[in-house]
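A short write-up of the structure that comes next.
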Amino acid sequence: MNTFASAIDHAARSPRGRWYWNLPYAAVAIFALAMLATVWGLQKRETDAAIDTLARDMQWAEQTMRLHLSADEEFLAQISRDLAGGAMNAGEFQVRANEYLANNQHMSAVVRLDAQDTVRWSAPFDSTERVAGERLGGVQAAAVQAARSSGRVSYTPDFVDARGRRAVEIYVPVQRERAVADVIAGVYPVDGLLQYLVPTWFAEKYRLAIVRTSGERVASAAATAALDESLSRSVSMEPLGQLRLVATVYRTESAIARIAPIVAIVGLSALIVASLAVLRLHLARRLRAERERDALFSLSLDLLCIQRMDGSFVRVNPAFKRVLGYSQDDMAGRALLELAHEDDISSTVDHLRRLASGLPVVFENRCRCADGEYKWVQWNVNPVPHEKLVYAVGHDVTQRRAREEALNAETAFRRAMEESVVTGLRMIALDGTIRYVNRAFMQMTGFSEDELVGCRPPYPYWPADLREELQTVLDHALSGRIPPEGWEVRIQHKNGECFDVRQFVSPFIDGAGRHTGWMSSMHDITDPKRARAELEQAHARFVTVLDGLDAAVFVADVGSGEILYANRAFKQIYGFDAVGCKADELTRDCQAGVEPVQQALAQLGPGSVLPAELLEAEICHARSGRWYNLRERALRWVDGRIVRMQVATDVTDRKLAAEEADRQQQRLQQTARLITMGEMASSLAHELNQPLAAITNYAMGCVARLESGNWRQDELLGAMRKAGFQAERAGKIVRRMRDFVRWREPCRANASLPRIIEEAVGFAEIEARKTGARIHVDLPEGLPEVYADPIMIEQVVLNLVKNGVEAMHDTPAPRRDLHVGARVADGMVAVHVADQGHGIDKQELERLFAPFFTTKPEGMGMGLNICRSIIEFHEGRLWAEPNAGGGSVFRFTLPHASTRETLP
């Protein structure tokens, strides 16, 4: 609200505000009264002047009439005297009378009456007013008699003569020697009096009328203009009896002209009052609108602002604080571009340019909030070029944009999903008109969307020979008679190729819940039908193959345990009536137990992936004594239920062969250990010779001292202790040899890996000292126990260390270092033996663990193969790789004791 409007609003609301509002009305009323008084005074002045003029004119008219009438009396009296003196005859009478009448037209005739009141002379001679020989009567005779009797001039009252004209007559007696005989009469037509008795300008100025004293109108002139009855004056027409001349002023201006100023003043005053009232109402509305606008500006939830043409803010409403976090002081003078996101600056500048050209714009951009976040705002901006300002409304559309983006993403996802499915989708209206098809449907039929949408049956993809059948199917669909399994129909591709589809139809319900059409889905079942036929053939072949197998196969229901299928081999073992029997009861002589299978089935949940392994074991048939490999798994049967399938393969021969192979392998390992000991015989003999020689020397020394008698007990005791130590050393070597080479069954147990390596290195060091090699053992503390057979692992370590020592035969003596170490990795204990020998090339590395492959001239090629077999027996892995410092590194892994329960 601007300053002026604020001041007016404050004045209107103050206690004295009503005086301010009523003061203009009082001023207008005073002005109107003053103007009305002025007009009334002017009109009163004009009326008074007109009355004065009328009075003067009437006085003048009265004098004029009297002069004329006096002149008439004098003229008639002169004629009367001339007649009385005998100086006038009829001819002279005519001449003088006509001359006078010509100059005084208000008198129409002059007549000489005799003593019998009969007209003797009449002038003018052709006048019809009075005719010679005419006798007077009535008021005329009375007036003549009055003139004769009085000897004076006598006037008749106005009368209507025999000719129907109203007139007044004057009678002058002719006295002869004091006797009156004749009378001279003058005739005044009343109309002539009005016409000729007053001048023309007087008649033009006033409307004249002759009335009796009683007020009865006798004659009047025709009014040539409107009369002002208020300006009328009458004068007596003496000596014409009781007649009066009435003059009425002609209006010089119309009544409208007289009241026009008053009407104008009143009208203008009323107009001014009405204008003031309208202005007051308008101003009140404007003030109310200003207050409402200010309240709307302050209370609006949208962003309202006034900006300059360059985009800088002049005024903002409090919504900026709520939406963007900026106060009104913060926004004053700032530019919109300062708030715009960097990606929206270019488009915002374009819209500001349009505003500069005077065009309104609507746009959306992201505005930075006070906390650094961005919100989407929709701006509706209208420029006012003459004010060089723009008025803008901003609406926070962040949530709407988020919903739009989510909706667009969902729409795009749904569209992509519709376009990605291989099922043909088609929507038809209730009358069968196609309204929608997806990409799969177009690809299926070969027709484009323009060719299909809007089509009515028969559709272009219907084969010509099947149209009646397909029309029947469509009629059933449109009537709602839809089978749950759909229809299997045949349609035609645009290229003429026909194929089979399965069509499912369901009602199409729009967002308002109305049934507006039918939605169809079509699946190309040409390949499935072909596959079904092939599957049936394959099933027959499969059954033939299953019946031809030596393995016994059966399928049983998980819930009931009823056997659903059994092949010929199963029936030969358990009877040909096996189908329908309980599987657990029928196979109780050859099963791993019911509990393992039930536990495995219990672990299967609704989301479990099928098929799933349930059991694999080798079981000996209780009656026949034959071994069978039982492999049982859960799978889904053709009707959808879960079943268990068991395949029992006769492995008796393989079992016997494996047992024999194990025995041979054990004998081979025993032989290898013996060979190893044989290869180390000389070294072991040398190693045993040292403690034995020491024992002999200590014994001989003690005997010599005893024989000489020069001995001390402490010296003999020390010598015997040293001899005992050497004997223990020799016994340990013999014990190791005996444990290493003796025959025993493999026995896996928790064993200390450092002790196993120590035993193996103890043997190997004997050979290493001969060649000058040095064995370094690097084992971390806290190494876990391994689950293994100690002797077998000792054989592996000894073989690898022995091979490493032999590989360094040609290596310079300072570099003949062999490293043995171990570490824990991925739940296993990894052991490595690294030498600095001649190494192994890639070709030899590929065949290194093959039986009978060796790089030694005198080797058999079985050592590393046996080592790998031992490690694999322990669920580990053995491999070789080049050593970074030269030579080779052999690595193997063993499970530590904590994984024992998880091992098969």
Side-chain angles (χ1 to χ4, degrees), residues 411-510 515-545 610-611 635-641:
T411 303
F413 173 76
R414 291 180 179 272
R415 186 68 179 179
M417 185 170 59
E418 290 179 4
E419 300 299 338
S420 300
V421 296
V422 296
T423 301
L425 301 178
R426 180 201 67 184
M427 185 268 178
I428 60 175
L430 296 176
D431 60 352
T433 304
I434 297 178
R435 298 300 185 193
Y436 166 78
V437 291
N438 70 337
R439 181 181 299 176
F441 190 90
M442 292 185 283
Q443 293 175 349
M444 187 180 296
T445 60
F447 292 94
S448 65
E449 184 177 3
D450 295 336
E451 294 174 314
L452 292 174
V453 174
C455 286
R456 298 174 59 87
Y459 302 128
Y461 52 83
W462 283 1
D465 55 340
L466 298 176
R467 288 186 176 179
E468 294 184 1
E469 177 183 347
L470 294 175
Q471 184 63 49
T472 302
V473 171
L474 179 62
D475 293 340
H476 281 250
L478 294 177
S479 62
R481 293 174 291 174
I482 305 169
E485 68 276 6
W487 289 283
E488 186 176 318
V489 297
R490 191 169 184 82
I491 63 176
Q492 184 176 1
H493 194 273
K494 189 175 182 180
N495 60 10
E497 179 184 355
C498 294
F499 56 95
D500 296 317
V501 297
R502 180 165 293 278
Q503 178 181 0
F504 297 90
V505 180
S506 60
F508 182 84
I509 308 300
D510 63 6
H515 178 204
T516 59
W518 300 91
M519 196 71 188
S520 303
S521 62
M522 290 187 179
H523 305 270
D524 187 354
I525 60 172
T526 304
D527 293 338
K529 286 186 66 175
R530 186 184 306 112
R532 188 184 306 118
E534 294 176 354
L535 183 61
E536 291 174 355
Q537 298 175 1
H539 180 263
R541 291 193 296 270
F542 180 68
V543 171
T544 302
V545 170
L610 298 178
L635 50 84
R636 198 172 298 279
W637 194 234
V638 292
D639 57 0
R641 55 179 164 172

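Along the sequence shown, residues are numbered consecutively beginning with 1. Small disclaimer: the values here were computed from a predicted structure and weren't measured.
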### Derivation and outcome, side-chain contact (heavy atoms from CB on, under 4.5 Å), residues Glu469 and Arg490
CA-CA 10 Å; Glu469 177 183 347; Arg490 191 169 184 82; over 6 Å; no

### Query
Could you go step by step and tell me if Ile428 and Tyr459 meet the side-chain contact (heavy atoms from CB on, under 4.5 Å) rule?
CA-CA 11 Å; Ile428 60 175; Tyr459 302 128; 3.9 Å; yes

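Here His493 contributes atom NE2 and Cys498 contributes atom SG; the two are 11.0 Å apart, rounded to the nearest 0.5 Å. Atom CE of residue Met522 and atom CD1 of residue Ile491 lie 5.5 Å apart, to the nearest 0.5 angstrom. In this structure, the separation between CD on Glu449 and CD1 on Ile434 is 11.0 Å, given to the nearest 0.5 Å. If you take CH2 on Trp487 and CG on Leu470, they are separated by 11.5 Å, rounding to the nearest 0.5 Å. Rounded to the nearest 0.5 angstrom, Leu474 CG and Arg467 CZ are separated by 13.5 Å.
Between Val501 and Val489 the shortest side-chain heavy-atom distance falls below 4.5 Å. Between Trp518 and Ser506 there is no side-chain heavy-atom pair separated by less than 4.5 Å. Residues Leu466 and Gln492 fail the side-chain proximity criterion, which asks for heavy atoms closer than 4.5 Å. Side chains of Met444 and Val437 form no contact here, defined as non-hydrogen atoms less than 4.5 Å apart. Residues Pro460 and Thr445 form no side-chain contact, since every pair of their non-hydrogen atoms from C-beta on lies 4.5 Å or further apart. Residues Phe508 and Arg435 form no side-chain contact, since every pair of their non-hydrogen atoms from C-beta on lies 4.5 Å or further apart.
Contact detail for Asp431 and Arg456: the closest heavy-atom pair is OD2-NH1, 2.8 Å. Closest of all the heavy-atom pairs between Gln503 and Val505 is NE2-CG2, 3.7 Å. The minimum heavy-atom distance linking Leu425 with Ser521 is given by the pair CD2-CB, 3.9 Å.
Formation of a donor-acceptor pair under 3.5 Å by the His476 side chain with backbone atoms of Leu478 is not found in this model. Under the 3.5 Å distance criterion, the side-chain polar atoms of Asp510 are left unmatched by any main-chain donor or acceptor of Gly517.
Sequence neighbours left out, the pairs with a member in residues 414-441 that pass ring pair (Phe, Tyr, Trp, His ring centres under 6.0 Å) are Phe441-Tyr461.
Residues Asp450 and Ser448 bring no donor and acceptor atom of their side chains to less than 3.5 Å of each other.
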